[in-house]
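Each remark here refers to the structure printed beneath this line.
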2 protein chains.
Amino acid sequence: MIDKKSGIPLYIQLKDEILNKIDNDIWDIDSQIPTEMELMNKYKIGRATVRQALSILVNEGYLYKKHGIGTFVAGKKPSLGFEPLISLTFSLKQRGITPINFIDKKEIIAIEGHLLKEFRLTKKQDVLYLRRIIYDGNLPLAIEDSYFNKSIIEGEKELDLEGSIAEILLHDLKLNITKVEQIIVPRKADEEERKILKTAGTDKVLELKRWLYIDENEDPYFYLKFVIPSNI
Amino acid sequence: MIDKKSGIPLYIQLKDEILNKIDNDIWDIDSQIPTEMELMNKYKIGRATVRQALSILVNEGYLYKKHGIGTFVAGKKPSLGFEPLISLTFSLKQRGITPINFIDKKEIIAIEGHLLKEFRLTKKQDVLYLRRIIYDGNLPLAIEDSYFNKSIIEGEKELDLEGSIAEILLHDLKLNITKVEQIIVPRKADEEERKILKTAGTDKVLELKRWLYIDENEDPYFYLKFVIPSNI
DNA sequence: AAGTGGTCTAGACCACAAC
DNA sequence: TTGTGGTCTAGACCACTTT
């Protein structure tokens with residue numbers, strides 16, 4: 001309960017009240033919690049106070065909101081080994097975001113010459129190049145350039161290239177990943193990136209490059225680069 | 001300037017306006033920015049709107065407030081976007097786990113000879129070695145070996161080495177991280193690891209190594225290795 | 001005492017999703 | 001149409017720091 005005379009700010013008391021119900025599993029994961037209106041009436045407090053409490057919990061990842069629907073308990077999902085470490089889609093879903101991947105480019109290109117170093121390849125190779133823009137609704141979240149070993153398009157399977165790439169690699173292709181290398185560098189967005197990502201206010205982005213090795217191969221099977229505004 | 005008819009929320013416009021002045025160094029570090037009252041009058045907006053814009057920037061580490069005095073530009077620019085990408089504690093907390101870090105070893109060691117390559121160092125260096133076992137309650141989750149540049153123990157600050165290391169690096173030390181390299185390799189646990197982690201059923205683990213670079217330094221500031229059972 | 005940020009209320013209108 | 005969260009205003013009083 002909330003005590004208006006305790007001296008403790010009401011929004012702190014409400015925040016703790018809600019946190020307890022989450023921690024003690026009184027509210028199920030992904031279940032809707034009382035609306036702002038209901039919380040106002042139940043505790044006889046103003047809407048701004050309710051929203052201040054909720055915004056803290058959203059910020060800390062305990063709750064997520066859906067505009068026009070309600071407020072929900074954020075879920076802890078089971079892990080699949082590598083998945084949380086290599087999948088952007090996975091990380092976003094954990095925060096209540098269901099990303100949409102829009103395929104911008106899809107073509108076969110040859111990696112040779114000075115490009116070999118960037119791709120960490122030892123010899124010339126044709127790869128499937130895929131550029132996707134990842135959205136949360138209408139909001140662009142990231143630009144993703146991925147390069148697959150050509151063998152991926154030679155299989156008979158129909159691959160869902162708009163889904164999670166980590167899922168394709170781990171579940172559909174059942175690859176035996178033996179090493180993942182990754183570099184993250186914060187930098188300024190270039191002009192194209194600013195245009196696509198509509199970076200407002202700041203033009204700082206994180207650039208992440210990732211190389212995936214399978215079996216005992218010396219060359220990576222998969223190369224990924226993605227750029228994401230650093231305020232996401 | 002702020003356009004009330006643009007359709008863009010006023011607090012977003014104000015936030016971006018302020019962010020630009022910070023990014024372009026129009027306001028010095030630790031200098032006071034206009035008071036909430038001044039911002040209200042200047043842009044003809046309500047106080048709640050001003051506070052909403054400011055609270056975002058405080059939350060993201062661009063500003064800090066002093067009660068009864070004013071609002072100020074934060075000293076270092078945050079690399080907060082890094083947190084989910086580099087912090088094990090952060091990732092675990094997102095899944096509802098509040099890990100406990102038990103310090104197993106803590107000593108100064110010299111990195112030289114053949115070890116230099118593993119640490120990606122170019123010359124001999126003394127480092128602070130920290131081994132921690134990370135628990136979820138009684139269940140051991142991971143073994144973590146971290147190696148800090150010696151300068152970390154020369155500061156006057158008392159560092160909470162049982163908390164999140166990413167938090168120390170980003171929030172306490174406010175390091176300007178310029179690159180993160182990481183390798184993940186699945187392998188079999190060795191005998192010591194099996195003993196500590198009590199790996200049940202499977203003895204497969206993920207080994208993650210991570211190198212953190214700050215400023216323009218050629219050598220990494222921080223080296224981390226952790227081993228985690230692959231069924232977690 | 002004056003000025004700052006901290007908390008809180010009541011009320012309004014908008015945007016989005018579901019029925 | 002209804003109910004949700006999103007944005008915004010005007011106003012009040014409190015707590016803290018400096019003058």
Side-chain angles (χ1 to χ4, degrees), chain A residues 1-18 27 30-74 95-98 100 135-139 200-201, chain B residues 1-18 27 30-74:
Chain A
M1 268 295 118
I2 284 185
D3 177 5
K4 294 209 181 194
K5 300 188 207 74
S6 73
I8 299 166
L10 302 185
Y11 74 94
I12 297 284
Q13 293 186 55
L14 176 57
K15 185 208 72 177
D16 290 340
E17 183 97 358
I18 293 172
W27 289 335
D30 290 328
S31 68
Q32 186 174 5
I33 75 166
T35 65
E36 296 179 351
M37 187 68 81
E38 285 166 347
L39 292 171
M40 288 168 66
N41 296 334
K42 177 168 182 189
Y43 297 106
K44 306 291 176 221
I45 55 181
R47 187 164 173 220
T49 308
V50 170
R51 285 180 63 79
Q52 194 172 0
L54 294 182
S55 81
I56 291 171
L57 293 171
V58 168
N59 231 290
E60 292 182 353
Y62 291 100
L63 297 176
Y64 62 94
K65 291 183 170 192
K66 292 190 186 178
H67 192 175
I69 307 183
T71 305
F72 302 83
V73 178
R95 299 213 228 160
I97 298 170
T98 305
I100 296 161
Y135 291 89
D136 173 20
N138 290 321
L139 179 72
Chain B
M1 268 296 116
I2 283 183
D3 178 4
K4 294 210 183 192
K5 301 189 207 72
S6 72
I8 299 166
L10 302 184
Y11 75 93
I12 297 284
Q13 293 186 53
L14 176 57
K15 184 207 72 177
D16 290 341
E17 184 97 0
I18 294 171
W27 287 336
D30 290 327
S31 68
Q32 185 173 6
I33 75 165
T35 65
E36 296 179 353
M37 188 69 83
E38 285 167 347
L39 291 171
M40 288 168 65
N41 295 333
K42 177 168 182 189
Y43 296 107
K44 306 290 176 223
I45 55 181
R47 188 166 171 217
T49 308
V50 170
R51 285 179 63 79
Q52 194 171 1
L54 294 182
S55 81
I56 292 171
L57 294 171
V58 169
N59 231 290
E60 292 183 352
Y62 291 100
L63 297 176
Y64 61 93
K65 291 182 169 193
K66 291 189 188 177
H67 192 175
I69 308 182
T71 305
F72 302 82
V73 178

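Just so we're on the same page: letters track the sequence lines, and every chain starts at 1. Given the structure is predicted, the values throughout are model-derived calculations rather than measurements. Keep in mind that the numbers below use all heavy atoms, side chains included, and drop hydrogens, waters and symmetry copies.
In this structure, I69(B) atom CD1 and dA2(C) atom C1' are separated by 14 Å, rounded to whole Å. If you measure from atom NZ of K65(A) to atom P of dC16(C), you get 16 Å, rounded to the nearest angstrom.
In this structure, K65(A) contributes its side chain and L54(A) its backbone to no donor-acceptor pair below 3.5 Å.
Using a 4.5 Å cut-off on side-chain heavy atoms (C-beta onward), V50(A) and M37(A) make no contact. Taking 4.5 Å as the limit, some side-chain heavy atom of D30(A) sits within range of a side-chain heavy atom of Y64(A). Taking 4.5 Å as the limit, some side-chain heavy atom of Y43(A) sits within range of a side-chain heavy atom of M1(A). When side chains are defined from C-beta on, I18(B) counts as touching L57(B), because their heavy atoms get closer than 4.5 Å. The shortest distance between side-chain heavy atoms of Y11(A) and I45(A) does not fall below 4.5 Å. Side chains of L63(B) and I33(B) form a contact here, defined as non-hydrogen atoms less than 4.5 Å apart. D3(A) places none of its side-chain heavy atoms less than 4.5 Å from the side chain of I8(A).
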Seminar exercise, completed: Output field dot_bracket for DNA chain C (Watson-Crick or G-U, both distances under 3.5 Å, | for other-strand pairs) contains ||||||||||||||||||.
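Protein chain B contacts DNA chain D over a range whose 5' and 3' limits, counting nucleotides with an atom under 4.0 angstrom from a non-hydrogen atom, are dT7(D) to dT17(D).
If you check every strand for non-hydrogen atoms under 4.0 Å, L54(B) touches nothing. Counting non-hydrogen atoms under 4.0 angstrom, G68(A) reaches a base of the nucleic acid.
Using a 4.0 Å cut-off on heavy atoms, the residues of residues 1-10 of chain A that approach DNA chain C are K4(A), P9(A), L10(A), listed by number.
Residue K66(B) is the one, among K66(B) and I12(A), whose nearest nucleotide of DNA chain C lies closer to the 5' end (criterion: closest heavy atom).
The side chain of T71(B) lies closest to dG5(C) when the candidates are dA17(C), dA15(C), dG5(C).
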For this session: Run the numbers on K42(A) and E17(A) for salt bridge (charged side-chain N to carboxylate O under 4.0 Å, His left out), then give the verdict.
Result: CA-CA 12 Å; K42(A) 177 168 182 189; E17(A) 183 97 358; 5.6 Å; no
